[in-house]
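FYI, side chains are in, hydrogens and waters are out, and symmetry mates aren't considered; it's all heavy atoms of this structure.
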Amino acid sequence: MLYFFLRYPWGYYGLIGSRYPALPLFAELALLAACILIPYLLGSVNTAIIVSGRFYHDDIRNYGSGNAGFTNIMRIYGKKAAVITFVGDILKTVIAILIGWCYLGMETAYIAGFACFLGHIFPVFYQFRGGKGILCLTAILIMLDWRIFLILLAVFLLMVGMTKYISFGSVLGAMLYPLLFNRFNLKLNPPFDGVYTCQLITILIAVIVVVKHWGNLKRIFSGTESKFEFRKSKKTVDETAAENAEQRNAAEGSAEEKPARINYGALPGGNGSNKKKKK
C-alpha cells in the first residue's frame, strides 16, 4: 500500500526523513534502533500462541507440526482460530512497517518489516519458538510492493492447488521474492535510496523461509508431508501428534530408532478431565 505514496516527496523518504534530512548522529541511531526494536517486539507477540492459550487453554506448539502459525492452528483448532491468527499476524506486521516508514521511508520500512518477521519466528516472549513467518512476509509484500505480491500470490495459489502443500508454495514464493524485487526495483525503475539494503533483506527472508521449511521439504520428497485442507482435522490431538512424530522420524530415516513422541493432552477446547497422565 505504501507503494502508492511513492510519488510524493515523503513517500520514499518517510515523514521524518523528508522533513529533517540531516539529524544528529545520536538521534539517527536512536530512531534506527526504534525501527528495529519496536517491530521485533511486535513480531514477538505471536497470535497463534495467544489464541491457543486464551481460548483453548493450551499451547499450539504442543500439537501437530509444533509450529505456532496459521497452517498448524487451522489443522488443530479450525477456521475461527485461524482467522484470528491471520488478522493478528498481518496487523502487527503492518503496524511495524508503518513505524519504520515514518523515519526514512522505504529503507526503514523494509528494516522494520524484517525485524517483525524475525520477532515472529524467534519471539522473545515465547522462548524464541514461534512460527515460520509466511503471514508476516505476506504483509510485507502487500505494504511495500503490490506488484510482487500479486505475482507471488498467483504462484502460491497455483502450487498449493496442484500439490496441496502450503509449505511448497511458501518456499517457492520466498525464493522468487529477491528475483522479482531486483527486476522491479533495480532494472525497470531508477533505484531509490537504500534499495540495496532492501534487496539484501529480501535475500535474507528467502534464506530463512527455506531453512524454516527444510523439514517440510524433506517430508514432501519422502511422501510423508500432510496435505492441507481448509478445515479442522477430524483426528484427535493424540492422533495428530503421533502422526506428525512418525512423519518426522520417517523423513529422518530413524523411525525404528526413535519412538514417536505422543502428546497425551485433551482435545483442544475439550474437557480437561479427559487428559491422560504420562507414565
Side-chain angles (χ1 to χ4, degrees), residues 43 46-48 60-61 64-76 82 85-86 89-90 93 110 113-123 128-185 198-230 233 240 243-245 247-253:
N46 190 287
T47 314
I60 183 62
R61 295 173 296 178
S65 64
N67 180 54
F70 173 81
T71 304
N72 197 35
I73 206 166
M74 177 68 197
R75 286 184 177 136
I76 302 301
T85 300
F86 181 91
D89 287 349
I90 292 288
T93 312
Y110 272 94
F114 182 57
C116 184
F117 173 81
L118 289 178
H120 178 79
I121 298 174
F122 307 108
F128 301 99
R129 289 179 54 218
K132 295 181 179 178
I134 298 304
L135 285 182
C136 292
L137 174 55
T138 301
I140 290 172
L141 293 170
I142 293 173
M143 289 294 292
L144 299 178
D145 202 323
W146 63 272
R147 304 165 301 175
I148 298 178
F149 167 72
L150 291 179
I151 294 172
L152 294 185
L153 177 62
V155 171
F156 173 82
L157 293 176
L158 179 62
M159 292 298 102
V160 174
M162 292 173 59
T163 65
K164 302 299 182 184
Y165 294 131
I166 281 189
S167 53
F168 182 73
S170 301
V171 168
L172 183 58
M175 293 175 64
L176 290 174
Y177 182 28
L179 300 176
L180 292 173
F181 180 90
N182 181 276
R183 180 64 181 171
F184 280 115
N185 294 286
C198 301
Q199 176 75 85
L200 177 61
I201 287 173
T202 65
I203 295 172
L204 291 175
I205 287 175
V207 171
I208 292 171
V209 169
V210 172
V211 171
K212 291 297 293 183
H213 286 83
W214 192 250
N216 301 84
L217 295 175
K218 290 197 295 185
R219 290 194 294 272
I220 288 174
F221 292 129
S222 65
T224 58
E225 175 75 340
S226 298
K227 294 188 176 182
F228 180 78
E229 294 181 3
F230 195 66
S233 173
T240 304
E243 180 183 281
N244 280 275
Q247 289 176 356
R248 287 193 292 269
N249 290 339
E252 296 171 0

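Between the Arg75 side chain and the Gly64 main chain, no donor and acceptor come within less than 3.5 Å of each other. Checked by atom type and distance alone, the side chain of Asn72 pairs as donor or acceptor with a backbone atom of Asn67 at under 3.5 Å.
Residues Ile140 and Phe114 share a closest heavy-atom pair of CD1-N, 4.3 Å. The minimum heavy-atom distance linking Asp89 with Thr93 is given by the pair O-OG1, 2.8 Å. When all heavy atoms of Ala68 and Asn46 are compared, the pair lying nearest together is O-ND2, 3.4 Å. The heavy-atom pair separating Pro123 from Gly130 by the smallest distance is CD-N, 3.4 Å. In terms of heavy atoms, Tyr110 sits closest to Thr202 at CE2-CG2, 4.5 Å. Nearest heavy-atom pair across Met74 and Ala82 is SD-CB, 3.6 Å.
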Verdict with reasoning, Ile208 to Leu118, per side chain to side chain contact (heavy atoms under 4.5 Å, CB included): CA-CA 9 Å; Ile208 292 171; Leu118 289 178; 3.7 Å; yes
Take Asp145 and Asn185 through the side chain to side chain contact (heavy atoms under 4.5 Å, CB included) test and state the conclusion after the steps. CA-CA 10 Å; Asp145 202 323; Asn185 294 286; 3.7 Å; yes
Give the C-alpha distance, both sets of side-chain angles, the deciding distance and a yes or no for side chain to side chain contact (heavy atoms under 4.5 Å, CB included) between Ile76 and Ile60. CA-CA 8 Å; Ile76 302 301; Ile60 183 62; 3.9 Å; yes
Steps toward side chain to side chain contact (heavy atoms under 4.5 Å, CB included) verdict (Lys132, Asn216): CA-CA 11 Å; Lys132 295 181 179 178; Asn216 301 84; 2.5 Å; yes
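Rounded to the nearest 0.5 angstrom, Ile121 CD1 and Cys136 SG are separated by 7.5 Å.
Ile203 places a side-chain heavy atom less than 4.5 Å from the side chain of Gln199. Side chains of Ile134 and His213 form a contact here, defined as non-hydrogen atoms less than 4.5 Å apart. The side-chain heavy atoms of Phe117 and Val209, taken from C-beta on, include a pair separated by under 4.5 Å. Using a 4.5 Å heavy-atom cutoff, the side chains of Trp146 and Ile142 are not in contact.
Ring orientation note: the planes of Tyr177 and Phe181 are nearly perpendicular, at an angle over 60° on the 30°/60° scale.
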Mind listing the side-chain donor-acceptor pairs of residues 152-163 below 3.5 Å, one per line with the distance, residues two or more places apart or on another chain?
residue: Thr163; atom: OG1; partner: Met159; partner atom: O; Å: 2.7
residue: Thr163; atom: OG1; partner: Tyr165; partner atom: N; Å: 3.2

